[in-house]
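Read through the structure below, which is laid out as C-alpha cells, and then see the notes.
By convention in this document, chain letters (A, B, ...) are assigned in the order of the sequence lines, proteins followed by strands, and residues within each chain are numbered from 1.
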2 protein chains.
Amino acid sequence: MAGIKDVAAAAGLSVATVSRALNNHPSVSPEARARVLAAVDALGYRPNAVARSLRTDQTRTIGLVISDVLNPYFTELARSVEEEARTRGYSVIIGNANEQPDLQDHHVRTLLERRIDGLLVSPADGRSPLMLDAAGGGTPMVFVDRWIPGVDVPVVRADGRAAVRDLVAHLHGLGHRRLAIIAGPAATTTGQERVDAFRAALHAFGLPLPDEYIGQGDFQADSGRRATERFLDLPRPPEVVFAADNLMALGALDAIRARGLRVPDDIGLAAFDDIPWFVHTDPPITAIAQPTADLARAAVRALVDLIEGRPPQSVTLPATLVVRRSCGEPPAPVPTTSQQRSNL
Amino acid sequence: MAGIKDVAAAAGLSVATVSRALNNHPSVSPEARARVLAAVDALGYRPNAVARSLRTDQTRTIGLVISDVLNPYFTELARSVEEEARTRGYSVIIGNANEQPDLQDHHVRTLLERRIDGLLVSPADGRSPLMLDAAGGGTPMVFVDRWIPGVDVPVVRADGRAAVRDLVAHLHGLGHRRLAIIAGPAATTTGQERVDAFRAALHAFGLPLPDEYIGQGDFQADSGRRATERFLDLPRPPEVVFAADNLMALGALDAIRARGLRVPDDIGLAAFDDIPWFVHTDPPITAIAQPTADLARAAVRALVDLIEGRPPQSVTLPATLVVRRSCGEPPAPVPTTSQQRSNL
DNA sequence: CTGAAAGCGCTTACAG
DNA sequence: CTGAAAGCGCTTACAG
C-alpha cells in the first residue's frame, strides 16, 4: 500500500510538504498542493490514521459503551451519538456490554488501549473499579442515561419522575390500586430511580408497594417474562404491571400471552421507554418516552467540550407519559378519518 | 500516562523484555515476568494499541458496514458479529450507512484509513467505486446479507426464495389473488431478489404482478408508509401487501391504521425479516425469518479465514416462513393453556 | 534469557 | 514556502 513517501517521490516533494498539503496547512504553494493531490490520486494513497494518531496523540474517536444494543432505546441513542459526533469530526466505536459487568470492562479496557479521545458511558455496573479509575484518571468521560453517583463526571440523562407520577395518576384514575413494577438492576441508577419514583408516586396516592409487587429484572426480555410469571402466580396478582424498560415489557407481554390472558382486560401493562412498535402492539402500550436524540446530542456536546478543553455541561431532560390503551379504557376518542374503504 | 519505558525502568529491565513478557513470549524468565507484571500494576500501565498496530501492521479489528442500525435485523446481525469476532480475538467497528451511499462511503473510507484488518459489508449501494476498489485492492472483505454481483468476494447470505414461495402459497390458499409488494432499492441485491422471488412465485400460481402493485421503498419505515398509501389509493387496492423488510412493514401498518383500516380484515400484511414484536402486534404478523445469528457467525468466520490466510467459505442459508394472523384466518388452533385467571 | 537498535508512517518544530 | 530530522510507543530480528 502506498505510503506518504511514495506520494512525496511521485510529486517530487518532501514528505513534510505532502503532509502539510494533506492537512490543509496554509503555507503550501498552490502548485505543490496540486502536485500532491495528483500523486495521491495516481497512487490511490490512503493516509494511515494509525500512524497519525500515534504522532498527534489523538484519535478523533470517542468510545460509546452501552448496556444493550438490542434495546431500541440504546440503538437509537447510539445512532444519534454517531450522527452528532460525525458532524463534529469524530468517529465513534460502540462497545456493547449486554448488561454484563465483565463485558463492560472488556470494552472499556479495549477502548482505553485504543486511546479513544473520550468515553461516553451508560454504566451496566456502577461498581467497576476499571471504570472508576478511568473516570479518575485523565480520560475525558461523560455518563449518559445511567451514571455513577459520587463520581465527578458530567451526566446527561432524562428525569422520569414527573412522568412516572403522571402514569400513576393515570392508573389511579382508571381505578387500579394493585400496581406492580418490574425493576432494573439495583446496580444501575435508572434501575433504582424508576422504582423510587414509582414508590413515591404510589405513596402520594396512599397506595402501598408491597415487596411481592417488585419484580427484580435486568432490563432484558427474559427477566420481564420471569417477573411477570411470578406476579401472575401470586394469590392476588397486580392489576397493572409497569416494566422499567421496553424489553422487559416485551417479556411481560410474552408471559401474559402464554397464559392466555389479555391486556388490559385481565391485566394492565405500561413501560418505560417508548418505541414505534408500541403503537401497533395488541393493545397499543402506554409508555414513558425519553427525548433520546436530544440526550445523545447533549452527551456528545459535553464530551467534545471536555476533550477540547471547554467546560462541559451536565443536562437533565424531562421524560413524558404517552397514554395508550394497555392499562384500560381508551384515551379520549381520536378524530376519525371520514375516509372509508369505499373504493374496494 | 505510563509507557512501556516507565514499566521497564520500574522493573529494572529493558523495554524489549517488558514487551515480550506482556506478549507471552516464551523466552522470558518467570522472575522477569513477575517483575514486569508488578510494575504494570503499580503504574497502571495500559498498552498503547495504536503504537502496537503501527508496528505490527495489524489492528485486530474488523469493520462492519451495515445499511441501517435501527433495523432490528441489522442490530441483531451486528450484535452477533461482535460476539463471534470477540471470541476470535477481534474487535469490531460498526459503520452505519443509514441506506445512504455517501454515508456508506464515508464509513468505508474511515475504516480503511484506520487500517482495519478486514471489512464485512452489507452494501447500501452496489455501485460505489470506493467499495469496488477496496474489494479489488488488498483489503480482506466479505459481503453479508447483501452483495455486489460480479465482485470476487465471499458472500454470506440467506436465500428467501423458498420462503417467499411458501408465503405466496399461503396467501393463495387463503383466497387472496391481488398481491402487492413494497420492494427495497433496486441498487441492492436483497431489494431485487425479493421482488424477483415474489414475481416468480406469483407466476407459478398464474397470478400477475402489475406495476402498480410494486411499491418502491428504500427499506426504511417512511417509504413503507408512502407505498402503502399509494396502494390504498388505487381503484382496486391489493388484498395483501408484502413488505420486503420489517421497517417498511411498520410504515405500512402506520398507513393502514391512519386510514382506520384493519389488518387482516381490510387488507393483509406480511413482512420479510421476523422480529420479536411481530408476535405482539395487532394482529401478529406473518413474516419470513432469517437465521441471523448463524449468518453473522459464518460471515465472521469467512472474514477471519481470509485475514489469516485460510480459504474463506461463501455460505447461503435458507429463510423460513412463519405464519401468523396478519393475512387472514388464524393458523391451526394452538393448544390452549387450561389455566384460567381463576386465582383473581 | 536479555538488551540495543531499527523501524512502522506519520507530524511538526526548526532552519533556511 | 520547503526540507531534514526527531520522535510518537511499541515489536522484533540480531547479537550475545
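- At the heavy-atom level, Ala49(B) lies nowhere under 4.0 Å from the strands shown.
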*Could you write nucleotides 9-16 of chain D as a row of B, S and -, 5' to 3', where a protein heavy atom under 4.0 Å of any base atom gives B, of only sugar-phosphate atoms gives S, and otherwise -?*
BBBBBB--

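- For the 3.5 Å distance criterion, the side chains of Ser67(A) and Arg146(A) qualify, holding a donor opposite an acceptor.
- Distances shorter than 4.0 Å separate none of the side-chain N or O atoms of Ser27(B) from OP1 or OP2 on dC1(C).
- A side-chain N or O of Thr61(A) and one of Arg114(B) form a donor-acceptor pair less than 3.5 Å apart.
- Minimum heavy-atom separation, Ala10(B) to Leu43(B): CB-CD1, 4.0 Å.
- Remark: dG3(D) base-pairs with dC14(C). Criterion, Watson-Crick or G-U wobble with two distances under 3.5 Å.
- Nucleotides dG9(C) and dA13(C) place their P atoms 23 Å apart, quoted to the nearest Å.
- How far CG of Asp117(A) is from CG of Leu111(A): 11.0 Å, rounded to the nearest 0.5 Å.
- Formation of a donor-acceptor pair under 3.5 Å by the Asp68(B) side chain with backbone atoms of Asn98(B) is not found in this model.
- Between dA6(D) and dT2(D), the two P atoms lie 23 Å apart (nearest whole Å).
- Put simply, the side chain of Gln104(A) gets close to the backbone of Ala124(A): a donor and an acceptor are under 3.5 Å apart.
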